Amino acid sequence: NILFVCGAGLGSSFAAQMAAEDVLNNHNVKAKLDHVDISSAASMQPDIIITAQNFKSQFEKFSIDETKTAIVYLKNIVSKAEIEEKLLPVLVAKGAI
């Protein structure tokens, strides 16, 4: 279960989700994907959260158990190369690959 997060939960999180879908498909990873705004993300418990680097300070204020939910911060949310570089180790650690 992977959650893509941005300020409003519409534009950039959906763009990141579409870029990540290609990465996941290339590695034959099946996952439930969704995108939401940052305030909604705090109450959800996905396996992985993917968001922009500029939201890191906001996520640090939330009480997210990072032993259960990994948070991946991206400088360029639509960069498939960056998504692959940062997401694959998390997927390996969670046993998805």
Side-chain angles (χ1 to χ4, degrees):
N1 189 1
I2 302 175
L3 194 61
F4 298 84
V5 180
C6 69
L10 299 171
S12 58
S13 60
F14 186 59
Q17 178 179 333
M18 291 189 329
E21 278 183 277
D22 288 341
V23 172
L24 294 169
N25 287 336
N26 289 342
H27 293 277
N28 297 314
V29 175
K30 303 277 186 244
K32 180 178 180 263
L33 309 178
D34 203 0
H35 56 278
V36 298
D37 63 279
I38 193 163
S39 57
S40 298
S43 64
M44 303 174 86
Q45 295 182 335
D47 298 304
I48 302 169
I49 292 174
I50 297 178
T51 191
Q53 183 72 40
N54 58 314
F55 291 121
K56 186 172 186 171
S57 62
Q58 288 172 275
F59 271 99
E60 289 171 345
K61 295 175 186 170
F62 297 144
S63 57
I64 295 174
D65 182 354
E66 291 193 49
T67 63
K68 295 180 182 174
T69 301
I71 303 177
V72 176
Y73 296 102
L74 302 173
K75 291 178 185 163
N76 180 347
I77 59 159
V78 294
S79 167
K80 292 177 187 174
E82 184 181 6
I83 291 169
E84 188 170 47
E85 172 191 331
K86 293 182 176 177
L87 181 57
L88 289 183
V90 174
L91 292 170
V92 169
K94 290 196 169 279
I97 294 181

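For the single chain, residues carry numbers from 1 onward in sequence order. The model shown is predicted, which means the values in this text are computed figures rather than measured ones.
Residue Phe55 holds its CZ atom at 12.5 Å from CD1 of Ile49, rounded to the nearest 0.5 Å. Atom CD of residue Glu82 and atom CG of residue Asn76 lie 6.0 Å apart, to the nearest 0.5 angstrom. Residue Lys30 holds its NZ atom at 10.0 Å from CG of Leu24, rounded to the nearest 0.5 Å. Distance CD1/Ile64 to OG/Ser43: 9.5 Å, rounded to 0.5 Å. Interatomic distance, OG1 of Thr69 versus CG of Asp47, reported as 7.0 Å (0.5 Å rounding). Distance CG/Asn54 to CG/Leu74: 10.5 Å, rounded to 0.5 Å.
Shortest non-hydrogen contact noted between Asp34 and Gln17 is C-OE1, 3.6 Å. A pairwise comparison of heavy atoms in Phe59 and Thr51 identifies CE1-CG2, 3.6 Å as the closest pair. Here the closest heavy-atom approach between residue Pro46 and residue Asn1 is recorded as CB-O, 3.6 Å. Considering all non-hydrogen atoms of both residues, Tyr73 and Lys56 come closest at CE2-CA, 3.4 Å. In terms of heavy-atom proximity, Ala19 sits nearest to Ile83 at CB-CD1, 3.6 Å. Val90 and Ala70 make their closest contact through CG1-CB, 3.6 Å (heavy atoms, listed as atom of the first residue, atom of the second, distance).
Using a 4.5 Å heavy-atom threshold, the side chains of Phe62 and Ile38 count as touching.
In this structure, the side chain of Lys94 engages the main chain of Lys68 through a donor-acceptor pair within 3.5 Å. With Ser13 contributing its side chain and His35 its backbone, the two residues share no donor-acceptor pair below 3.5 Å.
Follow the hydrophobic side-chain contacts under 4.5 Å out from Ile97 and you reach Ile2 in the same cluster. Residues Val72 and Val23 are members of one and the same hydrophobic cluster, defined by side-chain heavy-atom contacts under 4.5 angstrom among Ile, Leu, Val, Met, Phe, Trp and Tyr. Linking Ile, Leu, Val, Met, Phe, Trp and Tyr residues whenever their side-chain heavy atoms come within less than 4.5 Å places Leu87 and Phe4 in a single cluster. Ile50 and Val92 fall within the same hydrophobic cluster, where Ile, Leu, Val, Met, Phe, Trp and Tyr residues are linked whenever their side-chain heavy atoms come under 4.5 Å apart, directly or through other members. Under a hydrophobic clustering in which Ile, Leu, Val, Met, Phe, Trp and Tyr are joined whenever their side-chain heavy atoms come within less than 4.5 Å, directly or via other members, Met44 and Val5 fall into the same cluster.
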Quiz item: Passes side chain to side chain contact (heavy atoms under 4.5 Å, CB included), Ile48 versus Leu91? Steps please.
Solution: CA-CA 9 Å; Ile48 302 169; Leu91 292 170; 3.7 Å; yes
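Residue Gln53 places its CD atom among more than 12 non-hydrogen atoms of other residues, nucleotides or ligands, all under 6.0 Å distant.
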